[in-house]
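Below, chain A is the first sequence line, B the second, and so on; all start at residue 1.
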Protein chains: 2
Amino acid sequence: MVHDRRSPQPRLTDVAEIAGVSMKTVSNVINGYAHVSERTRTRVLAAIEEVGYRPNLSARNLARGRSGVIALVVPRLEMPYFAALAGRVVERAEARGWFVLIHESGGDLAAEREALEGRFPQRIDGLIVSAQHLAPADLAARTDRTPLVLLGEQTFGSVAHHVAIDNTEAARAAVGHLVHLGRRRIALVGATPGPRQQGYIEALESAGLPVLPELMVPITANSGEEGERAARALLDLGAATPDGIFAVTDWVALGAMRALHLRGLHVPDDVAVVGFDDIPYARAVTPSLTTISPDRSALAEAALRMLEAQIAADGGPVPPVDERVPFTLVVRESTAGIHP
Amino acid sequence: MVHDRRSPQPRLTDVAEIAGVSMKTVSNVINGYAHVSERTRTRVLAAIEEVGYRPNLSARNLARGRSGVIALVVPRLEMPYFAALAGRVVERAEARGWFVLIHESGGDLAAEREALEGRFPQRIDGLIVSAQHLAPADLAARTDRTPLVLLGEQTFGSVAHHVAIDNTEAARAAVGHLVHLGRRRIALVGATPGPRQQGYIEALESAGLPVLPELMVPITANSGEEGERAARALLDLGAATPDGIFAVTDWVALGAMRALHLRGLHVPDDVAVVGFDDIPYARAVTPSLTTISPDRSALAEAALRMLEAQIAADGGPVPPVDERVPFTLVVRESTAGIHP
DNA sequence: CTGAAAGCGCTTACAG
DNA sequence: CTGAAAGCGCTTACAG
């Protein structure tokens, strides 16, 4: 025995003794199992309250053969979108008595693939990957059996569990908003085949506007620098500059706004800008940024619920589901104008 | 026994068997204890590698009488400074095999006090609190014995372990930079008695500039809104508006820059602005923000080291230390000007 | 230096 | 429905 000067924590047996029942009954009450009479339940809960009992998760997990830890893989925690998302995942995990091991992939495909194989310093019960580059083929090639849920724009059909907002619909809403404001030359900053580009195209078409390749600018990363570079390229089109920009992330939008500012263009009078993600900066910047706000709590909750189902199945088959959560279009100054 | 379809994880005994030694020896190797011959060590490590052994932390913590979990209390994870800090704490904790339970206080004094008493859903081995409002008296009144390290501007003398940058020196560096640029009417946005205000005053005095009460504007929260309101109040001073602003946080500085922008003032030509924290937005905003950048990795590492020492003392006396970590002044466009 | 054994605090068949 | 007991995988005095 280690000499321990801390006052000992109450144990399950202490609670059982006080309540005058067996450990099993206390365990049943705590875990919500079985048929415990209301009277017994009340007595047990009173005893728990009395001694301030909190289960020892190490012991519980050891007995259950789990670690109580799930891993969350994001490109980088300092990217505001992922910080906010991680906050919600941690919150929803806590409600389940789980801990979250946050792992940064650096937005690197190789690192994302590695994470899929579950080489973590700790044993984990489940894995949530916010993937930037993973393709269905990577999932099909997966050998590790750890329960997995994918997050992100890319969909994975029936190969893997996935949760996201409807990115096409969200992009349509963003571009539709610009159309509604009377913008006619709407650029896409961050063009890449996928749901958001699809939504951009659909919104233009349903408004009867032409889809112009020169207004669809690819970027090599979702960075401010790339957003700035792409916007500068758009401005160099000469007379035919855009009057609206839909950027695939807020961070890219901030870079684009910088380019506009440096060229002496006014947002939104000259060019209206819409971003995507609703990072905290979106409302702090001047002009504040109109953007798509995914319901991050719903995203986190759905991911954890899907993980929970797989863990409960204990390796048994769980048909992959692809779930959608809500989003909203938040209109701010970058499209509505500044009204101090 | 639960029916488990997952392939079983290798255990310590498996490693011992393969290496042809006792569990004790394997344990010694893993934990770096005692006198193990180099030859044995190599054989054990080879066996660990061979089966891909990773210790079961639940079992280890149960045996050691610890939870392996530390709590980190921050006002709000969506505040970029704390997101970045949390990232580093998680990283340094991981290196020690610890998990971090992140808890949000909402920047509320009552919630900070409660956290001090250790009412967490899990048992925790230690506690890091990034305090906004806690005073030494709150620490003196503490009854809970959980190892604790405080973070933040406020110092706690010999009442509690604390780690921070030298806030006075940092503020002096920030204001000194503005003085060096030739600014003579330098305002403090976020005036409140404490190290940063102290540094502001010292920098002015050592430059032979007057300390003017009307240029020291208090705010009720470190928010963009408050920064904007305070800056607006400064501008309403009329002819005698400031030519430099030192804001107590970046977020406040962003709000101040917004007020300047809306009044048609140019940063830095009309008013140079320096912030504090170096949040990711500081480099994304236009103009990018000159700011004090604390060494967050050093901050996290020091806090964990101090926690480790207390945990190792196992309730025994550990004289509180107040540690300083480095910071740098990062000069960007809000003082140096825009040079695209 | 090594090995056998007890113990950490839970969960869960199992027998009553 | 309840109780006694085994077992989860480690660590650590203890005896050799």
Side-chain angles (χ1 to χ4, degrees), chain A residues 1-4 6-41 43-44 47-48 51-69 97 122-123 125 311-312 314, chain B residues 1-4 6-41 43-44 47-48 51-69 97 122-123 125 311-312 314:
Chain A
M1 239 320 264
V2 176
H3 175 62
D4 193 332
R6 293 168 299 183
S7 63
Q9 300 269 11
R11 293 158 304 167
L12 198 59
T13 47
D14 301 324
V15 173
E17 198 176 325
I18 291 176
V21 299
S22 72
M23 282 175 59
K24 179 83 173 93
T25 303
V26 178
S27 179
N28 282 344
V29 169
I30 290 172
N31 296 301
Y33 294 155
H35 326 270
V36 183
S37 74
E38 197 46 51
R39 213 174 137 276
T40 307
R41 233 180 70 84
R43 220 165 56 215
V44 169
I48 287 174
V51 298
Y53 172 74
R54 287 171 297 171
N56 180 319
L57 296 185
S58 296
R60 169 184 291 176
N61 289 325
L62 178 58
R64 286 188 179 164
R66 308 206 199 288
S67 65
V69 175
Q122 329 288 1
R123 304 175 188 205
D125 296 338
I311 293 173
D314 204 27
Chain B
M1 240 314 269
V2 177
H3 176 63
D4 192 331
R6 295 167 299 182
S7 63
Q9 299 268 10
R11 293 157 305 166
L12 199 58
T13 47
D14 301 324
V15 174
E17 197 177 327
I18 291 175
V21 299
S22 71
M23 279 176 60
K24 178 86 173 91
T25 303
V26 178
S27 178
N28 283 342
V29 169
I30 289 172
N31 296 301
Y33 294 155
H35 327 270
V36 183
S37 75
E38 196 46 51
R39 212 174 137 275
T40 306
R41 233 181 69 84
R43 220 167 54 212
V44 168
I48 287 174
V51 297
Y53 173 73
R54 287 172 297 171
N56 180 319
L57 295 186
S58 296
R60 170 184 291 175
N61 289 325
L62 177 59
R64 286 187 179 163
R66 307 207 198 289
S67 65
V69 174
Q122 329 287 358
R123 303 173 190 210
D125 296 338
I311 293 172
D314 204 26

Quiz prompt | Contacts of B:I18 that satisfy side-chain contact (heavy atoms from CB on, under 4.5 Å) - sequence neighbours left out | solution = B:A47, B:E50, B:V51
Practice problem: Only counting residues at least two apart or in another chain, list the ones meeting side-chain contact (heavy atoms from CB on, under 4.5 Å) with A:S67. | Solution: A:V69, A:R123, A:D125
Quiz prompt | Secondary-structure stems, DNA chain C, at least 3 Watson-Crick or G-U base pairs under 3.5 Å | solution = C:1-3 with D:14-16, C:5-12 with D:5-12, C:14-16 with D:1-3
Could you check how far [atom1] of [X] sits from [atom2] of [N], rounded to whole Å?
X	N	atom1	atom2	value
B:R64	D:dG9	CZ	P	17 Å
A:I30	C:dT12	CD1	P	12 Å
A:N56	C:dC8	CG	C1'	8 Å
B:D125	C:dC8	CG	P	18 Å
A:L57	C:dG9	CG	C1'	11 Å
B:R60	C:dC10	CZ	C1'	19 Å
A:N28	D:dT2	CG	P	8 Å
A:E38	D:dC1	CD	P	13 Å

Quiz item: A:N61 near the nucleic acid: base, sugar-phosphate alone, or nothing, with a heavy-atom cut-off under 4.0 Å?
Solution: nothing
Self-check item: B:I30 side chain near B:V15 side chain, heavy-atom distance below 4.5 Å
Solution: no
Quiz item: Is there side-chain contact between A:Q9 and A:N56, with heavy atoms separated by less than 4.5 Å?
Solution: no
Quiz item: When the nearest nucleotide of DNA chain C is assigned to B:T40 and to B:L62 on a heavy-atom basis, which residue is associated with the more 5' position?
Solution: B:T40
Practice problem: With sequence neighbours excluded, give me every salt bridge (Lys or Arg N to Asp or Glu O under 4.0 Å) pair touching residues 12-33 of chain B. | Solution: B:R11-B:D14
Practice problem: Report yes if at least one side-chain N or O of B:R123 is closer than 4.0 Å to OP1 or OP2 of C:dC10; otherwise report no. | Solution: yes
Quiz item: Is A:N31 near enough to C:dT11 that one of its side-chain N or O atoms lies under 4.0 angstrom from OP1 or OP2?
Solution: yes
Considering all heavy atoms of both residues, which atom of [X] and which atom of [Y] are nearest to each other, and what is their separation?
X	Y	answer
B:S58	A:R66	OG-O, 3.9 Å
A:Y53	A:L12	CE1-N, 3.5 Å
B:A16	B:M23	CB-N, 3.9 Å

Quiz item: Rounding to the closest angstrom, what is the interatomic distance between C:dG16 and C:dT12 at atom C1'?
Solution: 16 Å
Each nucleotide N or O in nucleotides 3-5 of chain D that has a protein N or O under 3.5 Å away: list the pair and distance.
from: D:dG3; atom 1: OP2; to: A:S22; atom 2: N; distance (Å): 3.1
from: D:dG3; atom 1: OP2; to: A:S22; atom 2: OG; distance (Å): 3.2

Self-check item: Residues that B:R54 engages under salt bridge (charged side-chain N to carboxylate O under 4.0 Å, His left out), provided they are two or more places apart
Solution: none
Quiz prompt | Side chain of A:A63 - closest among C:dC10, D:dC10, D:dT11 | solution = C:dC10
